[in-house]
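Chain letters run A, B, ... following the sequence lines, proteins first and then strands; every chain starts at 1. Just so it is clear, the model here is predicted, and its values are computed rather than measured.
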There are 2 protein chains.
Amino acid sequence: MSGPTAYERHDHHRCIDDALLAARRICKSKGARLTELRERVLTKVWQSHRPLGAYAILEMLAKEGLGHPAPPTVYRALDFLQELGLVHRLSSLNAYIGCDDPGKPHDCQFLICRQCQVTVEVAAAEVSKALSRCAEKRDFSIDHSNVEIVGYCPNCRDHTQ
Amino acid sequence: MSGPTAYERHDHHRCIDDALLAARRICKSKGARLTELRERVLTKVWQSHRPLGAYAILEMLAKEGLGHPAPPTVYRALDFLQELGLVHRLSSLNAYIGCDDPGKPHDCQFLICRQCQVTVEVAAAEVSKALSRCAEKRDFSIDHSNVEIVGYCPNCRDHTQ
DNA sequence: GAAAAAATTGCAATATTATAACATTTTTAT
DNA sequence: ATAAAAATGTTATAATATTGCAATTTTTTC
């Protein structure tokens, strides 16, 4: 049996609030509109540190009782949030997660736990450099990279392996 | 306008033949059965150095006139080939590509051209090491990684940028 | 070599993820 | 106030993937 994760113990309201504040600041500075819907979607994405599928978000919105949005509504909000760097898409999971360091575009990597799904975003300079050198060596010019590392987080590794 | 890629110029029958030979060898050594269907799917995957979607493979099989397989047929063959390390799935494209170095499981990375879709598999030790260190530093135990680098290949970079 | 077991394939239905096209509403700019 | 632009609503559908069960083929066991 697995004990509570670091993310279950910590003050998670803080994460959500911080994410919303950052989002408002970034939208303001870029002249983008963080509408109520977009804010609601961002809040859902931040309900946990686990990647969330678009249809899961859709259900959560529906349960709030403010009307039953259709898929395009959620996908459009997610597209908007991604373009502003407020959420990331994890393509191996078809799911979305809040960005830990929004604002400036950045190269990052994800550590995804197979057991509890908790996903951590990291920006390891060593990895970025290795990717750049690898590409350069092959005359490949990088636009962006998608690095998803799957395994067991410290909590699950200790309790289940 | 883009000129022919390295992969359009090279002797591609060689790639397909090599892939089939390797596949037969590996299946034999592992006691797995490379059936006709699986061989046909592997051949399709190797028709180019571009990742191919499951439904594209399905169409190609149908056009051969040996019956109209349904999706599970292709997905099952792809699952089999993946388990043996003969093909990789590129999750950001929902597509499959032949493995350049099948047999032993290996950490690898993909360089995906946005322009021509040609995708190169590399096994950069520097990247693998950086990922390991990054994970270790965070007490994360890696099961596998998915590294997709998107950008422009040498050919497209020269002709279109 | 025949029967049983296991693996593979066929097939129909359906689940899941994502987008297209167009109407309506809301917000912003003139 | 009006026109233009942006955002959202709505319906339908596309694209990707899986489930469950039947039929067939291959392998194993006796």
Side-chain angles (χ1 to χ4, degrees), chain A residues 23-24 27-45 50-62 64-84 86-97 117 146 148, chain B residues 23-24 27-45 50-62 64-84 86-97 117 146 148:
Chain A
R24 287 187 195 123
C27 284
K28 196 160 194 176
S29 83
K30 297 197 182 173
R33 289 173 48 204
L34 189 62
T35 62
E36 195 200 318
L37 175 70
R38 288 165 176 170
E39 213 173 288
R40 283 170 69 207
V41 169
L42 184 59
T43 304
K44 298 310 165 215
V45 166
R50 296 172 171 87
L52 212 54
Y55 279 78
I57 295 169
L58 201 56
E59 269 189 47
M60 295 169 88
L61 290 177
E64 291 189 328
L66 308 169
H68 272 242
T73 301
V74 168
Y75 280 104
R76 282 189 293 226
L78 287 169
D79 287 347
F80 170 87
L81 296 169
Q82 275 180 93
E83 264 159 41
L84 281 161
L86 297 168
V87 310
H88 296 290
R89 178 171 192 272
L90 295 171
S91 64
S92 71
L93 301 174
N94 297 323
Y96 303 82
I97 192 163
Q117 285 79 56
N146 186 256
E148 303 179 26
Chain B
R24 286 185 196 123
C27 284
K28 195 161 195 176
S29 83
K30 297 198 183 174
R33 289 171 52 203
L34 189 62
T35 62
E36 195 200 320
L37 175 70
R38 289 164 176 172
E39 212 172 290
R40 283 169 68 208
V41 169
L42 184 60
T43 305
K44 298 310 166 216
V45 165
R50 296 172 172 86
L52 213 54
Y55 280 78
I57 294 169
L58 200 58
E59 270 189 47
M60 295 169 87
L61 291 178
E64 290 188 329
L66 309 170
H68 273 243
T73 301
V74 168
Y75 280 104
R76 281 187 295 226
L78 287 170
D79 286 348
F80 171 88
L81 296 169
Q82 277 180 91
E83 262 160 42
L84 281 160
L86 296 168
V87 310
H88 295 291
R89 177 170 194 272
L90 295 171
S91 63
S92 71
L93 300 174
N94 297 324
Y96 304 81
I97 193 162
Q117 286 79 57
N146 188 260
E148 304 180 25

If the condition is side-chain contact (heavy atoms from CB on, under 4.5 Å), which residues does K30(B) pass it with, not counting sequence neighbours? I26(B), L84(B)
Could you tell me the separation between the CG atom of L52(B) and the CG atom of L58(B), rounded to the nearest 0.5 Å? 11.0 Å
Give a yes/no on whether any side-chain N or O of N94(A) is located under 4.0 angstrom from OP1 or OP2 of dT16(C). no
Could you give the side-chain donor-acceptor pairs of residues 64-75 of chain A under 3.5 Å, partners two or more places apart or in another chain?
unit_1, atom_1, unit_2, atom_2, d
E64(A), OE1, R40(A), NE, 2.8
E64(A), OE1, R40(A), NH2, 2.9
E64(A), OE2, K44(A), NZ, 2.5
T73(A), OG1, A70(A), O, 3.4

Using the side-chain heavy atoms of R89(A), tell me which of these nucleotides is nearest: dA18(C), dT9(C), dC22(C). dA18(C)
Under a 4.0 Å heavy-atom cut-off, which of residues 52-61 of chain B touch DNA chain C? none
Do you know which two heavy atoms are closest between C27(A) and F80(A), and how far apart they sit? SG-CZ, 4.1 Å
Would you classify T35(B) as touching base, sugar-phosphate or nothing, given that sugar-phosphate means primed atoms plus P, OP1 and OP2, and contacts are heavy atoms under 4.0 Å? sugar-phosphate
Contacts of type side chain to side chain donor-acceptor pair (under 3.5 Å), residue R76(B), not counting sequence neighbours: none
Nearest heavy-atom contact between L81(A) and V41(A) is CD1-CG1, 3.9 Å
Taking the nucleotide of DNA chain C with the closest heavy atom to each, which residue, P72(A) or H68(B), is nearer the 5' end? H68(B)
Starting at atom CG of L78(A), determine the distance to atom P of dA18(C), rounded to an integer number of angstrom. 9 Å
Between R89(B) and the options L78(B), D79(B), N94(B), the side-chain contact (heavy atoms from CB on, under 4.5 Å) test singles out N94(B)
Return the minimal non-hydrogen interatomic distance between P51(B) and L90(B), and the atom names on each side. CG-CD1, 3.2 Å
Please report the interatomic distance CD(E36(A)) to OG1(T43(A)), rounded to the nearest 0.5 Å. 10.0 Å
For chain B, the stretch of DNA chain D it reaches, first to last nucleotide, under 4.0 Å of its heavy atoms: dT16(D) to dT26(D)
State which residues pass side-chain contact (heavy atoms from CB on, under 4.5 Å) with N146(A); sequence neighbours excluded, sorted by chain then number. S91(A), E148(A), N146(B), E148(B)
Between dT9(C) atom P and D79(B) atom CG, what is the distance in whole Å? 12 Å
Would you mind reading off the distance between Y75(A) atom OH and dT16(C) atom P, rounded to a whole angstrom? 12 Å
Could you tell me how far apart E83(B) (CD) and dT8(C) (C1') are, to the nearest whole angstrom? 14 Å
Mind checking what makes salt bridge (charged side-chain N to carboxylate O under 4.0 Å, His left out) contact with E83(B), not counting sequence neighbours? none
Please give the angle, rounded to 10 degrees, between the axes at the start and the end of the helix from dG1(C)-dC30(D) to dT30(C)-dA1(D), where five pairs define each axis. 30°
Can you list everything that forms a side-chain contact (heavy atoms from CB on, under 4.5 Å) with R33(A)? Sequence neighbours excluded, please. T35(A), R38(A)
Rounded distance (nearest 0.5 Å) linking atom CG of L42(A) with atom CD1 of I57(A): 9.5 Å
For each nucleotide in nucleotides 24-30 of chain C, reading 5' to 3', give B when a protein heavy atom comes within less than 4.0 Å of its base, S when such contact involves only the sugar-phosphate, and - otherwise. ---S---
Has R38(B) got a side-chain N or O lying under 4.0 Å from the OP1 or OP2 atom of dT9(C)? yes
Hits for side-chain contact (heavy atoms from CB on, under 4.5 Å) against Q117(A), two or more places apart or cross-chain, chain-then-number order -> R50(A)
